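Data block below; observations after.
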Amino acid sequence: MQLHFYNSLTRKQEPFTPLDAKRVRFYTCGPTVYNFAHIGNFRAYVFEDILRRTLKFAGYDVCQVMNLTDVDDKTIRGARENHVSLNAYTQPYKDAFFEDLKTLHIESAEFYPAATDPKYIQKMIALVETLIAKGLAYKSDDGSVYFKVAAFPNYGKLSRLDRSTLRSGVRINNDEYEKEGVGDFAVWKAWDPADGDVVWDAPFGRGRPGWHLECSAMGMDLLGETFDLHTGGIDNLFPHHENEIAQAEGATGKPFVHTWMHCAHLRVGGEKMSKSLGNFYTLRDLLAKGCTGREIRYVLLQGQYRQPLNFTFSGLDDARKAFERIDGFVARLNSCHAAQQPAPFAGTFLAQFSDAMADDLNLPEAFAALFGLIREGNAALDKNEPVGGVMEALQSIDRVLGVIFWNNAKSDAEIPADIQQLLNNRAQARAEKRWADSDTLRDKLRDSGWDVRDSKDGQTLKRIPR
RNA sequence: GGUGCGAUGGCCGAGUGGCUAGGCAGAGGUCUGCAAAACCUCGUACAGCGGUUCGAACCCGCUUCGCACCUCCA
């Protein structure tokens with residue numbers, strides 16, 4: 001299975017080959033833990049989960065790093081406003097983030113380094129020292145250390161932005177007079193009284209790391225000076241990822257990352273969902289409205305990752321309906337106990353699925369393969385033709401999608417005694433062809449929140465979702 | 001102003017030169033005590049205007065509209 005990914009660095013789709021034959025090392029920009037993440041943020045994390053699962057599906061071992069930014073202006077401000085320590089402020093949001101990942105069936109990364117971890121602070125300090133020693137960073141009058149963009153000729157190779165043609169009037173920065181160049185960015189921020197006790201000692205002065213520095217230092221420490229993949233939201237392409245490259249390649253003289261992949265935004269009402277616009281839903285908002293993590297994951301999986309995806313509530317309704325189809329098919333398959341001859345179409349749709357994922361994670365095409373498999377599978381069951389291998393194909397597909405086999409049987413398993421009694425009565429009525437009684441009992445069950453359907457094999461009971 | 005992306009049927013959303021995308025909704029049919037499910041059939045979709053071509057949703061140009069980044073942001 002030869003994977004192809006679009007590389008933001010070359011702006012082309014390329015065959016993907018990891019630096020190690022068997023193992024893919026990749027870095028994903030994680031959350032800043034100053035608040036609950038919204039589902040726009042989770043589009044990126046779900047995309048990265050699909051990437052991770054596709055790499056494993058293709059037979060690679062994966063070593064994924066997702067950082068937690070737990071020190072920056074927003075986290076410090078939040079801690080101060082709430083009169084708690086930085087750690088006390090960020091910890092609940094870290095916990096919430098991991099809960100949310102579980103809710104969305106996002107597989108765990110191998111490493112979740114936190115920026116305030118003393119081990120990584122030391123790595124960051126070492127990186128700054130290297131940059132200073134190489135003349136790529138300088139200390140300004142206020143004690144902060146800036147990266148000297150003019151000293152790094154490759155600056156701009158990812159974003160292809162020319163710093164000299166910036167729109168006039170846009171860039172107004174209070175600290176600008178501290179910097180030698182207008183595009184220079186802080187790698188180390190000097191302590192400010194507002195920072196309180198959030199401060200570390202460094203040879204070049206007390207302060208805290210710049211945001212971009214964290215990812216360069218932690219990425220190289222955990223994955224090596226050069227690694228395979230680096231992902232994030234498209235809005236991180238500039239300046240964050242450009243700056244990461246400058247810091248890392250400036251320090252090592254080696255290529256930092258081979259392939260950069262960027263996820264387009266989740267939109268609401270045609271605009272980017274973001275905290276600054278106030279048009280966002282957190283995962284918790286949607287769960288409180290009665291949505292499930294499964295529906296939300298499905299919705300986030302609907303587009304190709306490089307295209308913006310429009311979030312709507314009718315999309316969630318569509319997801320619910322699609323699950324009836326998927327779950328109904330899985331239930332039908334499960335009720336076929338007899339050993340089955342192989343179904344010829346199972347391999348066809350699995351191959352279509354595999355090709356789609358290998359083609360820069362073409363999820364819409366991958367879902368078309370899934371639904372094709374379901375359609376042909378249902379048709380085969382209708383005609384009593386063999387469906388051998390179909391369940392196995394579904395399981396393979398779900399290793400990547402993570403949305404078919406959802407452990408949601410629990411609520412349906414516990415049927416209250418009174419409901420079971422109604423069900424038994426109805427079975428009796430049907431056996432005696434008392435259709436009016438059967439229909440009355442069906443209505444009764446529905447009023448109690450249970451949906452009953454009849455098939456050749458008997459009654460099927462399902463709790464009606466709120 | 002610079003750098004990119006986009007406009008597809010009622011909605012969402014693939015496709016990038018000839019061949020069914022898919023999901024949801026809708027219409028007709030098969031099956032069924034009914035209902036549901038399932039399966040089959042259907043809608044003559046490609047922003048506009050030119051151009052290239054035997055042939056364009058797909059390539060080229062222009063126009064209109066939209067979005068993102070250039071500032072913390074997935």
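Just so we're clear, the structure is a prediction, and the values are computed from it rather than from any experiment. Every chain is numbered from 1 and lettered A, B, ... according to where its sequence line falls, protein lines coming before strand lines.
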Output field: ring centroids A/Y6/A/Y305 closer than 6.0 Å: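 Distance test on ring centres: not under 6.0 Å, no.
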Donor-acceptor pairs are to be reported for all side-chain atoms of residues 381-389 of chain A against protein atoms at under 3.5 Å, with residues two or more places apart or in another chain.
from	atom 1	to	atom 2	distance (Å)
A/D382	OD1	A/R332	NH1	3.4
A/D382	OD1	A/R332	NH2	2.8

Please give, in whole Å, the distance from B/rU3 P to A/L158 CG? 16 Å
For the [atom1] atoms, the ones on [N] and on [M], what distance do you get once it is rounded to whole angstrom?
N      : M      : atom1 : value
B/rG15 : B/rG50 : C1'   : 25 Å
B/rG23 : B/rU8  : C1'   : 15 Å
B/rA21 : B/rA47 : P     : 15 Å
B/rC60 : B/rU16 : C1'   : 14 Å
B/rG13 : B/rC24 : P     : 16 Å
B/rC54 : B/rG61 : C1'   : 22 Å
B/rG33 : B/rC42 : P     : 29 Å
B/rG9  : B/rG2  : P     : 31 Å

Closest to the [X] side chain: [options]?
X      : options                : result
A/Y45  : B/rA74, B/rG15, B/rA68 : B/rA74
A/D235 : B/rC70, B/rA74, B/rG13 : B/rA74
A/Q307 : B/rG6, B/rA74, B/rG33  : B/rG6
A/R332 : B/rC39, B/rA74, B/rA38 : B/rA38

So, under a plain 3.5 Å distance rule, would you say the side chain of A/R11 forms a donor-acceptor pair with the base of B/rG4?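 Result: no qualifying N/O pair found.
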Could you tell me whether the side chain of A/D439 has a donor or acceptor atom within less than 3.5 Å of a complementary atom in the base of B/rG33? yes
Let me have a per-nucleotide readout for nucleotides 17-27 of chain B, 5' to 3', with B, S or -, counting only protein heavy atoms under 4.0 Å. ----BSBSS--
Indicate whether OP1 or OP2 belonging to [N] is found under 4.0 Å from a side-chain N or O atom of [X].
X      : N      : answer
A/N378 : B/rA38 : no
A/N310 : B/rG13 : no
A/K272 : B/rC69 : yes

Can A/K275 be said to sit on top of A/Y34's aromatic six-ring, NZ or CZ under 6.0 Å from centre and within 45° of the ring axis? yes
For RNA chain B, whose closest nucleotide is more 5', that of A/S438 or that of A/A44? A/S438
Upstream residue (5' side of RNA chain B) when A/L266 and A/L277 are each assigned their closest nucleotide: A/L277
With sequence neighbours left out, what residues match A/D359 under side chain to side chain contact (heavy atoms under 4.5 Å, CB included)? A/Q13, A/N362
Indicate whether any N or O donor in one side chain lies under 3.5 Å from an N or O acceptor in the other, for A/D443 and A/T440. no
Residue pair A/D360 / A/Q304: nearest heavy atoms and the distance that separates them: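 Taking every non-hydrogen atom into account, O-NE2, 2.7 Å.
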Checking the side chain of A/E244 only, and the main-chain atoms of A/H212 only, is there a donor and an acceptor separated by less than 3.5 Å? no
Worked verdict on A/Q420 versus A/N424 for side-chain hydrogen bond (donor to acceptor under 3.5 Å, both in side chains): CA-CA 6 Å; A/Q420 187 60 54; A/N424 294 344; 3.0 Å; yes
